[in-house]
Amino acid sequence: MNTGRTTPRDSEARRGIDEALVHVARGWFPVNGAVLSLVQDRVRDGSYSNRYDLLLADLKKDLGLFTYCLRQVGSVIDGPVQHRSPAEVLMSLELEKFEALLSQTKQVVGVHTVDPTQKTQLMRLRQTLMSAATAETLASHSKLDAHQAFLLATVRQLGMNLVAWNYPRIYTKALLSSGKGEGNLETLLLRTLGYSPLELGARSALDWCEHPDTRAVLGQDGGMNGIAVSKQAEKFSQFCEIGEVMAQIHDPEYFPAALASWPKVAAQLEQQLGPEWQALIQAQAEQYSAGYGVLVPGGFKCEINPEGARRDAISHLSLRMFENNQFAQKCPPGIADIFKQLYRSVTPGRPSPLAIKEFAEQVVPALGFERGCIYLIDQRKLQAVPMLRIGAVSIDRFRALNCSNMGGAVHPVVEALSYQTPIIQENAFINGEQVAHVTGVFGNKEKVGVLYLEMSTELKDGDRAHSLLFFKALREALNACLSMGSETS
């Protein structure tokens, strides 16, 4: 329940964003002096008279200039503009007012510059362009205001750009953590800064804006304040979100969740834009990225190739997952190759059904385990529930086990819950049979389930250390297949 009270933590967060707004306003992010001069010349010689489409097309060639102009609109408009979108306000400014607005931009020209060494910042610029070009293209084909779509997509990314250029160490640290699957970038930065990049961007560029739909798409109003969100605002939000996934799929090593989101987004793009959607978005992106290409020759490419990026990323991430499995690394070469092949089927960020099937039907038997079962823990019922049987076993061989019953003979699956390291037994009686098994919990920070595997005679008679090594390598791989992180022991 919201009591309306302001806590000390809330007050501290407000002070933090107020201070940040002042700081980023001084630095902003790079403004291309050549584009600024071009726009100023065309304002003076009247090229934009009745040609506001040309004016906006020129502004979009430089994101720093475009967003700073939006910021300064509030200083030159007269009267309320609640019923007009920011794009409409921008396109209705008299050229004299626009010239006054441009004169203020010199305050941030040269504070930050673009060069090829700024890989992290350049990636953020490229992602913003991709996102904006995608949203604009979708809006155009839906008969909605394409300029407003570009503006909204750009402002939604503005806070990220401002943090990347004005707090580069914080941004880079959060980006690396995002790549490790420790959370999405927005949440990680919120946790560090005390305010969200989305709010920072919206307040930096459009604090003057009272347009309800715009504020809703930028997360400033809507459901939180009980204000109904229009169908048009919902559409713009959807276009922006599609554009953001489109951008992130080109850098999945930092945004692994995009790999899981991409198939749905790709289907939406084809449904709304047709089979040529990639070429349509590419044309828009090239139009707006050319200026950055001049500043960073050979270092700024805005190529729309999501499937290629996805394939490269999965190949890269599968190798990284294999390298992170310290136990698979220690296996003999032939066994290690089996794990490498398995990781190629794993989609980071979500459970991978095909990889789980390959794990159970091919990988486990190849390592000398004849039968087994993957149990998941039902915390509500306090039971270990068999979820996937491995090998040629009857359906009733493995059953749900009561985890709270610790009296008498304890099933190794239940016993394993008391240990971090696997249990190995060579002459155990289970279900009326004498078996040799290795059993251990899996999961990351908590025990999610238990992997129970019975050894073949050859594996049982071999080196016990090999059996444990293979089991630990399998457990790590299972964590990856289920998107549960990794174990260490």
Side-chain angles (χ1 to χ4, degrees), residues 177-184 252-253 256-257 259-260 313-331 335-369 372-379 384-390 398 403 412-424 437-454 466-489:
S177 296
S178 173
K180 294 175 184 176
E182 296 174 9
N184 68 62
E253 64 270 32
L259 289 168
I314 289 176
S315 176
H316 169 76
L317 290 172
S318 66
L319 179 59
R320 191 167 76 181
M321 285 187 288
F322 169 74
E323 290 172 344
N324 287 339
N325 187 335
Q326 57 178 308
F327 307 109
Q329 294 275 317
K330 297 175 183 176
C331 290
I335 299 296
D337 289 341
I338 292 173
F339 280 105
K340 284 182 182 178
Q341 182 63 37
L342 171 66
Y343 279 121
R344 293 191 184 103
S345 302
V346 175
T347 301
R350 65 173 179 176
S352 305
L354 290 178
I356 295 169
K357 186 174 187 291
E358 183 178 340
F359 173 89
E361 296 180 359
Q362 300 177 35
V363 180
V364 171
L367 271 67
F369 295 98
C373 186
I374 298 171
Y375 289 83
L376 292 182
I377 306 304
D378 185 329
Q379 297 291 351
V385 182
M387 299 303 294
L388 181 63
R389 295 165 177 83
I390 298 170
F398 301 109
C403 299
V413 168
V414 176
E415 186 180 2
L417 293 170
S418 301
Y419 302 96
Q420 282 296 119
T421 55
I423 298 169
I424 182 167
H437 72 88
V438 188
T439 306
V441 293
F442 63 85
N444 187 6
K445 295 181 180 178
E446 59 183 40
K447 298 171 182 177
V448 175
V450 177
L451 178 61
Y452 168 84
L453 297 177
E454 294 178 3
H466 281 167
S467 301
L468 280 171
L469 175 65
F470 293 170
F471 181 88
K472 290 178 179 180
L474 286 167
R475 182 172 64 174
E476 286 285 280
L478 178 60
N479 282 332
C481 293
L482 296 172
S483 189
M484 289 184 177
S486 62
E487 298 287 340
T488 58
S489 61

Next item on the list: Taking side-chain hydrogen bond (donor to acceptor under 3.5 Å, both in side chains) as the test, write out the residues that go with Gln379, two or more places apart.
Entry: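 Here no residue qualifies.
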Minimum heavy-atom separation for [X] to [Y], with atom names?
X: Ala416; Y: Gly440; answer: CB-CA, 4.2 Å
X: Ser467; Y: Ile424; answer: CB-CD1, 4.1 Å
X: Pro412; Y: Ile423; answer: O-CD1, 4.1 Å
X: Phe398; Y: Gly372; answer: CE1-O, 3.3 Å
X: Thr439; Y: Tyr452; answer: OG1-CD1, 3.1 Å
X: Ala336; Y: Ala328; answer: CB-O, 3.8 Å

Expected output: side-chain [X] to main-chain [Y] donor-acceptor under 3.5 Å:
X: Ser352; Y: Thr347; result: yes
X: Arg344; Y: Ser315; result: no
X: Lys447; Y: Leu417; result: yes
X: Gln329; Y: Asn324; result: no

Next item on the list: Assess the pair Phe470 and Phe369: is the distance between their ring centroids shorter than 6.0 Å?
Entry: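 No, ring centres 6.0 Å or more apart.
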Next item on the list: For the pair Asn325 and Tyr343, evaluate side-chain contact (heavy atoms from CB on, under 4.5 Å) and give the outcome as yes or no after the intermediate values.
Entry: CA-CA 10 Å; Asn325 187 335; Tyr343 279 121; 2.9 Å; yes
Once you round to the nearest 0.5 Å, how far does [atom1] of [X] lie from [atom2] of [Y]?
X: Met387; Y: Ile377; atom1: CE; atom2: CD1; result: 11.0 Å
X: Lys472; Y: Gln326; atom1: NZ; atom2: CD; result: 8.5 Å
X: Asp337; Y: Gln341; atom1: CG; atom2: CD; result: 9.0 Å
X: Leu451; Y: His437; atom1: CG; atom2: NE2; result: 12.0 Å
X: Glu323; Y: Ser318; atom1: CD; atom2: OG; result: 9.5 Å
X: Glu358; Y: Leu342; atom1: CD; atom2: CG; result: 5.0 Å

Next item on the list: Could you give me the CA-CA distance, side-chain angles and deciding distance for Phe339 and Leu474, then say whether side-chain contact (heavy atoms from CB on, under 4.5 Å) is met?
Entry: CA-CA 8 Å; Phe339 280 105; Leu474 286 167; 4.0 Å; yes
Notebook entry, point to check: Heavy-atom count around Leu319 CG within 6.0 Å, excluding the residue itself: above 12?
Noted result: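 Count over threshold, so yes.
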Next item on the list: Could you go through the side-chain contact (heavy atoms from CB on, under 4.5 Å) check for Phe327 and Leu468 one step at a time?
Entry: CA-CA 10 Å; Phe327 307 109; Leu468 280 171; over 6 Å; no
Next item on the list: In sequence, state the C-alpha distance, the side-chain angles, and the governing distance for Val448 and Leu482, and then conclude on side-chain contact (heavy atoms from CB on, under 4.5 Å).
Entry: CA-CA 10 Å; Val448 175; Leu482 296 172; over 6 Å; no
